[in-house]
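Note that the structure is a prediction, hence the values are computed from the model and not measured. Note on naming: letters A, B, ... go to the chains in the order of the sequence lines (proteins, then strands), and numbering restarts at 1 for each one.
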Amino acid sequence: MKNTFIGTPMERREDLRFLRGRGEYVDDVAMPGLLYAVILRSSVAHGRLVSIDASAALRFPGVHSIITRADMPGGPPIIPMRLQPLPEFKPFEQPVIAHDKVRYVGEPIAVILASSVAVAEDALEAIEVEIEELPAVADWQSASANTTVLFEKQGTNRSLVFHSRKGDADAAFANAPYVRREKLRTGRHFGLTMEPRGVMAAWDDAAGKLTIYGAAKVPFFNRRILSAQIGLPVDSIDMIENDVGGGYGARGEFYPEDFLIPFAARHVKRPVKWIEDRRENLMAMNHAREEECDLEVACARDGTILAIRGEVRTDMGAYMRTNGAVGARNVSQFMAGPYRVPHVKIDSSLWMTNKTPVGTYRGPGRFEACFFLERMIDMIAADLGIDRIEFRRKNLVTAAEQPYPIAHVQPTDAKDEYDSGEYSETLERALKEINWSEKAKLQGKLIDGKYHGLGVVCFIEGGAAGPKEMARIEVNPEGKFSVYMGTASVGQGVETVFAQIAADALEVPVDNIDHVYHGSTAYVSDGYGAYHSRSTVMGGSAVLDATNNFMALLRQAAGKRLGCAESNVTLDIDKVTGGGRTMALKDFAGLTAEGAFLNKKHTYSYGAHVCHITVDAKLGRIEIIDYVVVQDVGRAVNPLTLRGQVLGSLVQGLGGAVLEDLKYDENGQFLTGSLADYLLPTATDFPNLRCVVLDDYPSPINPLGAKGAGEGGIIAAGGCMANAVANALSSFGVQPRELPLSPTYIWGLVQAGQRAAAE
Amino acid sequence: MKLPPFEYACPTTLNEAIALLANHSGEAKPLAGGQSLMPMMAFRIAQPSLLVDLRKLPGMKEIKIGPDGVRLGALVRWRDVIDDKRLAVAHPLLKEAISHVAHYQIRNRGTVGGSCAHADPASEMPGIAQTCEAEFSVMGKAGARTIKAKDFFQGALTTALGADEIITEIHLPAWPAARRYGFQEFARRRGDFAMAGVALYYDLDGGKAANAHIGVFGVGDCQRRLPKAEAALNGKAVDEALAVKVGEAAAAEVEPQEDIHASAAYRRSLTGTLVERAIKAAMVR
Ligand SMILES: Cc1cc2nc3c(=O)[nH]c(=O)nc-3n(C[C@H](O)[C@H](O)[C@H](O)COP(=O)(O)OP(=O)(O)OC[C@H]3O[C@@H](n4cnc5c(N)ncnc54)[C@H](O)[C@@H]3O)c2cc1C
């Protein structure tokens, strides 16, 4: 039997469970004797924590205890960085609870444990906290003045500068016939998950064992952090992944609560549950994106890009969190996008401010870089009198140039190259899908009070971060297979995808892959997790290795029992045959083999976004008429779930492009503490979206040929929408230079354009 | 975001409800659809000690249509207004306005009385009440009284209601069949509170606009009418040029606020645009 589940659109096996209401999220897990935790958070952006008096709150009926800095006499543990853990960042890492200072609105000050959340919230209001307020650093500009510093010992608010280099940009600029320079910025967004975060911890005093529910994304890494912080061996901690309602880079990183709740459970010897509420979620989960650049592009008169150079500043918020440096790093490394740029020089500085700390959000740094460069490409093409599509065609990396080296980032010493692909093919396909040649005549036209505009953008998406992923295959008592994964599910459909891969590898029907277990530390000896669009590539490749190991083991075991040579043993779905005899597979129940995939290289899927929008210039309102994403993913394991990934991430990207913005006032007060203020796209906002998934250029660096593909929809959405708005409003001669494209902003552009024309 | 502690009562007579409110010296609140009060309590912006649920009070859920206009019981829900086919003739402006309120789930619970008592500056119903010179029937410890819309709304989340008073009915004066009207609002997402909104109507007297009523919501701290813009409309033959002019008058007349969704300058311009568009819509009705 030759299987072809890979490449077949298959419905998610997860969905039936969810649709029947049988999903089990961390808040659904109950335990006898449970205490509920609520966290008192700072209402002050910056100040010295003078005193905490919880005595009145402790007298509330139902309140069990209150944990503060006083319960951590050695000082609260610090949360180490997971990605780019450079020594420079150490002083800026976050303590699990405020001790000497508070540095953002939302920073944990105390944990109230009570018989219910409502009781705990009542008591919370009775805790008296004295904070000596300090001036707030509310944006990167005031951070860079360094008059108020968040970390006095450091004397500066700048935690690092990433330097991205390729060739000799300064020399290229010195001789360039054409240069354009722009200041551009993106808003502050975050990976808002529908299910907020949650942690439940149970301490078994007799066994000296901690069990933690609500783990996600990187359970193995988080277990190592917790083990060091709490002083327990790794083996004494089990991290259990429940169903997860969205990850987007933000969920599953190690946050203060990931220490505080297990600590509390051990402290009071009772199980403790904490479920983040929406207001907390908006101020406690990692923020992302707020970046500004001064970017220069040098070109030949014929539109050949010669070099790019510039500075980027990221508003980091108050602490360096586990993956906080990724956005600022990526924006510098990927500023050139999918284009052939021989000389690159980008300095990306990280400024600490009195805001919620940043971390990764789907397409970290890439969304920003794509917006910055693609905006400039449209402006430059117009300057040079070259059609903006011709300009892109001319500069896109070709298959003949692969693997194509990109900028080298210091101090992380990250060298990298693109893996495969003829980038212009996705652009051509996108133009064809939207019928660009026909629509071109609508550009800038006013029809029924609305200006029509077209946007086009090309992008690159990185994936498949190493170093390693693990999988294990086991025969279960029914004679079917269980697959155990070191990677995690954050709702992306990996159970289905891994079942397809395993079924093809074992040449069995997909239903004979009975279960795919993932995300908990109990399943495989080590694991890495779900980030950087890596699960399918890394985990899927590990499944292939596990299959090889399993088959070797099965041949060995079956050869002995069937009395034949190992090479004569064959597996036929649920039967094992050799030397003329047959045994049921279930007779080998418990037989299991692990496999791993090691990889230092990254995959790069790529594609294009094109859109047709209208703008009501008087309202500043944008409507999407048509929007197409074309992405080449090397190999589409499941085209159906992939489509969901692309469209879902596109809607998120459009949220960042036109709606979402986390706002603070000049005192660092948080202004967007509800979903009435932080505007998430809803089901009715962007109905006209399409995507086409191609797999014409497999990745050469993994046995599946697959490339990470969970972020392509989001990366180019800001750039595409902004380019379309500029195109629609070309008669006003205006250029959007920031996101989100809010009605006020667009209207302001039009006003400025009209004033300029009148002068 | 859990509710603070409170007592709950569900009286079956109006007198009982009023007595409960009166005996709690300003600490008690009526509960209608709960679509504003519950979020306020969850955010602990409101912490009433007693909720007096109005749902069992008799006779407050009806829409009565007669020669003197439309009478909305205070407990009439958005859904009831949208589903009532008679209103297409009896008060088309009301019907159109309410179709912009919130989302399905909220429209199934939220009430006209609750909306007016809550008096969010960006809500539609108080805008209609102001534009159409509605009258509020109110019952309290001291007995019944009626309050005119212009006296009822006093600012953001502030009304003329006493702590022991309950709105029983909202009366909208009769709607002549030939009346011209327009309604426009703009929110960043459908169902959100509008950044600005306009409800207007006028009658035709010898081909000219008369009895113009122009009301705005979401602009400034209270729903209000715009007398200068109304004056610019009254007595004139309505055409596109006039619509632009009246829009400009309206933009000049409002006192818009700034918030995270819109600057004051944008709101001012938006108001003018919406008035202009509402008049253009009225012209062709
Ligand atoms: C997500 C969301 C979006 C929304 N969008 C909109 C929108 O676009 N436009 C809009 O207009 N509204 C909107 N709303 C508000 C909604 O329409 C509410 O239903 C309405 O404002 C209040 O009506 P209620 O019956 O729910 O009142 P409740 O929440 O029960 O009460 C509100 C206040 O009025 C008082 N009250 C209630 N009834 C009476 C009475 N008969 N006499 C005296 N006092 C009374 C209460 O004590 C309370 O102070 C939205 C709400 C939500 C949650």
Worksheet item: Do A:His189 and A:Tyr678 make the cut of ring centroids closer than 6.0 angstrom?
Response: no
Practice prompt. State whether B:Tyr181 and B:Arg285 meet the cation-pi test: NZ (Lys) or CZ (Arg) under 6.0 Å from the six-membered ring centroid, and within 45° of the perpendicular axis.
Written response: yes
Response to the item:
Scored by heavy-atom pairs under 4.5 Å with chain A, the best of B:Met195, B:Arg267, B:Met1, B:Arg277 is B:Met1
Discussion item. What part of B:Glu258 gets within 4.5 angstrom of chain A, counting heavy atoms only: side chain, backbone, both, or neither?
Written reply: neither
Worksheet, complete the sentence: Assert top hit (heavy-atom pairs under 4.5 Å, partner chain A, pool B:Arg44, B:His261, B:Arg190) equals B:Arg44
Worksheet, complete the sentence: Cut-off 4.5 Å, heavy atoms of chain A, and the answer for B:Ser263 is both
Worksheet item: Can you tell which of A:Asp685, A:Thr672, A:Leu671, A:Leu619 has the highest number of heavy-atom pairs within less than 4.5 Å of chain B?
Response: A:Leu619
Worksheet entry | N-O pairing of A:Glu660 and A:Arg188 below 4.0 Å | no
Worksheet item: Tell me, side chain or backbone of B:Ala196 under 4.5 Å from chain A's heavy atoms, or both, or neither?
Response: neither
Worksheet item: Given a strict heavy-atom distance threshold of 4.5 Å, which part of B:Phe193 is in contact with chain A: side chain, backbone, both, or neither?
Response: neither
Item to complete: Pick one of side chain, backbone, both or neither for A:Asp277, based on which atoms fall under 4.5 Å of a heavy atom in chain B.
Response: side chain
Fill in: Spacing of A:Leu689 atom CG and A:Leu647 atom CG [to the nearest 0.5 Å]
6.5 Å
Worksheet item: Heavy-atom distance under 4.5 Å to chain B: side chain of A:Leu680, backbone, both or neither?
Response: both
Discussion item. At a 4.5 Å cut-off on heavy atoms, which part of A:Glu280 comes close to chain B: side chain, backbone, both, or neither?
Written reply: neither
Practice prompt. Compute the ring centroids of A:Tyr104 and A:Phe670, then answer whether they are less than 6.0 Å apart.
Written response: no
Discussion item. Using heavy-atom distances under 4.5 Å, tell me whether B:Pro5 contacts chain A through its side chain, its backbone, both, or neither.
Written reply: both
Worksheet entry | Lys/Arg N to Asp/Glu carboxylate O, A:Glu107 vs A:Arg41, below 4.0 Å | no
Worksheet item: Any cation-pi pair here, B:Arg224 with B:Phe153, using under 6.0 Å and within 45°?
Response: no
Practice prompt. Look at A:Glu759 together with A:Arg755 and state whether they make a salt bridge at an N to O cut-off of under 4.0 Å.
Written response: no
Fill in: B:Ile260 portion near chain A, given a 4.5 angstrom heavy-atom threshold
both
Worksheet item: Does the distance from a Lys or Arg side-chain N to an Asp or Glu carboxylate O, for B:Arg55 and B:Asp53, drop under 4.0 Å?
Response: yes
Worksheet entry | Structural part of B:Gln184 lying under 4.5 Å from a heavy atom of chain A | neither
Item to complete: Just give me the residue among A:Thr682, A:Leu659, A:Val658, A:Val119 that pairs up with chain B most often, heavy atom to heavy atom, under 4.5 Å.
Response: A:Leu659
Worksheet item: A:Ala676 versus chain B, heavy atoms under 4.5 Å apart: side chain, backbone, both or neither?
Response: backbone
Discussion item. Measuring centre to centre across the rings, with the benzene-like ring taken for any Trp, is B:Phe186 within less than 6.0 Å of B:Phe217?
Written reply: no
